[in-house]
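For reference, the structure I am asking about is given below.
Convention: sequence-line order gives letters A, B, ...; per-chain numbering from 1.
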Protein chains: 2
Amino acid sequence: MVTRKEVAELAGVSEATVSRVFNGLGPMKPTTKARVLEAASQLNYHPNAIAQSFARRRSGNLGVVLPYMPKVHLFSAYYFAEILSGIGEQVREQGYDMLLSLLKPDEDLDYARLYRSQKVDACVILGARDTPQQRESLQQLQEQGYPFCLVNQHFEGLAFHEVDADHVDGSYQAVRHLQEEGYRKIAFLNGSPEYSNSEDRLQGYLRAMHDAGLQTSHELLLEGNYSRKSGYEAAERLWSQREQVEAVFAANDRMAIGLMQGLREKGWVAGRDFAVVGCDDSDAAKLSDPPLSSINVPFYEMGKEAARGVLARFTQGERAEPSNVKLPTQLIIRQSSKSSSLT
Amino acid sequence: MVTRKEVAELAGVSEATVSRVFNGLGPMKPTTKARVLEAASQLNYHPNAIAQSFARRRSGNLGVVLPYMPKVHLFSAYYFAEILSGIGEQVREQGYDMLLSLLKPDEDLDYARLYRSQKVDACVILGARDTPQQRESLQQLQEQGYPFCLVNQHFEGLAFHEVDADHVDGSYQAVRHLQEEGYRKIAFLNGSPEYSNSEDRLQGYLRAMHDAGLQTSHELLLEGNYSRKSGYEAAERLWSQREQVEAVFAANDRMAIGLMQGLREKGWVAGRDFAVVGCDDSDAAKLSDPPLSSINVPFYEMGKEAARGVLARFTQGERAEPSNVKLPTQLIIRQSSKSSSLT
DNA sequence: TTGTATGCGTTATCAG
DNA sequence: CTGATAACGCATACAA
């Protein structure tokens, strides 16, 4: 490897000057700058990032923490790719790199490993759930002063940096849309309560029903676990009480699709015999039959904002107040929620 | 940050001894080892990974290169999550971390950036395509001695380390299956030729048709670009020559689903009026209606093997012969390819 | 505008 | 078995 020293010698300057050129520091004579650059390119010199990190005492890496996923099925391609792309874009704009950390099931407690080893300057944490262990771990992280930002998850009662989407409003829009399509008996298939989104969506659902002066009986409230299978199973329950249901709002696309599959087996076709709206606006929403109306979530922007915020906080060393960004969601209407679509 | 020095002082030994303890080097008296460990835990000492990298002159990072994805839609959740999980597992077993690099459209040439900056010791490259630029870039990488491994892509005529799946056999199985279901007029909807998989699948298709003594007219060969839309559009062409087609083998699930959607609009339902088999066995295959028969590809294992190989080569510094691992694929039969399924 | 000198936290080599 | 000590490649405060 060619080092700064060799460049300095070839250019006939000191090593410090070479550094200055490469870091754009201080005033300097254009000619010496040119000489250094010339020498560098001639030798094909590239600064050693590790050495830089070492000297600067910062890694230049943003950690991206992904949860353990039993069947890898929690995330859609959309979620995954979009958030990572958003983070990636921001990171590159700031000259950072992203270090990926896939948690193992028993590793909730080891959030701090990457920080301790100084491999990352800050972290974006994806897919966190509201469990006692995670609360504990995250609080520790914060106490230790490690900068991090949560994406798409809120911890009630704790003040973390978070970038979330307005799931309450999204759900409100969805239910509102169903009402406008003429449905009044609208069920809600929610997901696991350990995700704050679930509670948000419930709120949006209830508010929309309330605002429309509609009843929300206990029977209209179902719970799955965000898997297609749980949606499929919910179809059974819904079918048994089909007199009370005209439409369903599901907390994610996967469950919505499972639900449609289940009801189709009974003879009920979405968009004809009943209406469905999902959440996430994932790939699957476009691939399903009929195409699924859904709530679009700006994952790319969320990832980007999370990275921006957390790096800013690290760079400026500002121990800022926990910020709570919330990005807008948007209803995407497809055939699954239009009673006239298949006729 | 607490450093080795402080541990050494507290334990009453030299810094070198602390290092030996933490690296498990050389013989040493159990008592001093215990003293060091005690001091370390008391001070909550953790080695600085950056400093270690600097001193060892290796980063301890495996680079994972992802291609530029115009619409992020090239990869299914499956592909993405599975490969990354596989790499992640292997990497952790070897005490490495993974550095993610998202290429931008114009960055084909900058494959070497991460290596030059010494941020990674080796790379796994995903989603490469066979273009002149990429061939050029990869050859340069190899000439410069940077260890890397390609996943799911072969470059004919060039000897790179590659981990691939047996797409020829997978396709053979798929077409064979359709034949066994009684279909004889089997079309093939292929994807972009810049992915070696496409050529592999064509081979498998042709071989299966040939072995069965079936004709493969020009009309039976269609080409899309792996997008749902292109599959949807292919439906138009197929419909116009529906007399010549009873079944379709599509080079990925996305196109297969688009195809089913398109033909359904004409009144042809997969699994009833015609049969379809896709490729990748992605999430969408289970979510589609009817569920899509598909070729399962062991992405997890491919990622793991790629990481294992490339790290081994780096660690042992062995300039090994380019290896060409090929993992088996497997046909998964669902309703889309069974003529009796919907009756 | 540029050079000098010091330090960053390890690893690894060489004595003892 | 253990202790000195020289790298490692760069950033940066201080001088000039």
* Examine distances only and state if a side-chain atom of E162(B) and a backbone atom of N152(B) form a donor-acceptor pair shorter than 3.5 Å. =>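 Side chain of E162(B) to backbone of N152(B): no pair is present.
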
* Within residues 15-38 of chain A, residues whose heavy atoms come under 4.0 Å of DNA chain C ->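 Contacting residues: A16(A), T17(A), R20(A), P27(A), M28(A), K29(A), T32(A).
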
* **Strand contacts (DNA chain C) in residues 48-62 of chain A, 4.0 angstrom heavy-atom criterion** =>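 By residue number: F54(A), A55(A), R57(A).
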
* Between the side chains of E136(B) and Q140(B), does any donor sit under 3.5 Å from an acceptor? ->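 Short answer, yes.
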
* To do: Take T3(B) and S14(A), find for each the nucleotide of DNA chain C with the closest heavy atom, and name the residue whose nucleotide sits nearer the 5' end.
  =>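 Residue closer to the 5' terminus by nearest nucleotide: S14(A).
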
* Tell me the ring-ring contact (aromatic ring centres under 6.0 Å, His included) pairs involving residues 116-136 of chain A, sequence neighbours left out? ->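 Every candidate ring-ring contact (aromatic ring centres under 6.0 Å, His included) pair involving residues 116-136 of chain A fails, so no pair, neighbours aside, qualifies.
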
* To do: Considering only NZ, NE, NH1 and NH2 on the basic side and carboxylate oxygens on the acidic side, decide whether R4(A) and E15(A) come within less than 4.0 Å.
  =>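 The answer is yes: the pair qualifies as a salt bridge.
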
* To do: Would you grab the first and last nucleotide of DNA chain D (5' to 3') that comes under 4.0 Å of any non-hydrogen atom in chain A?
  =>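 With heavy atoms of chain A under 4.0 Å away, the range is dG9(D) to dA13(D).
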
Donor-acceptor pairs under 3.5 Å, side chain of residues 27-38 of chain A to any protein atom, not counting sequence neighbours: which ones?
from	atom 1	to	atom 2	distance (Å)
T32(A)	OG1	K29(A)	O	3.0
R35(A)	NE	A11(A)	O	2.9

* Asked: Would you call R113(B) and D97(A) a salt bridge, taking side-chain N to carboxylate O under 4.0 Å as the test?
  ->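 Answer for the salt bridge query: yes.
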
* Between Y96(A) and F314(A), how do the two ring planes meet: parallel, tilted or perpendicular, split at 30° and 60°? ->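 Y96(A) vs F314(A) ring planes: perpendicular.
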
* Do any pairs count as a salt bridge (Lys or Arg N to Asp or Glu O under 4.0 Å) and have a residue in residues 59-68 of chain B, sequence neighbours left out, and if so which ones? ->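 Listed once each, the pairs would be none.
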
* Give me the ring orientation class for F22(B) and Y45(B): parallel if the planes are under 30° apart, tilted from 30 to 60°, perpendicular past 60°. =>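 Perpendicular.
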
* **Flag, side chain of E6(A) to backbone of T3(A), donor-acceptor distance under 3.5 Å** =>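 Confirmed, E6(A) side chain pairs with T3(A) backbone.
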
* To do: May I have the distance from K5(A) (atom NZ) to dG3(C) (atom C1'), rounded to whole angstrom?
  =>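 From K5(A) NZ to dG3(C) C1': 15 Å.
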
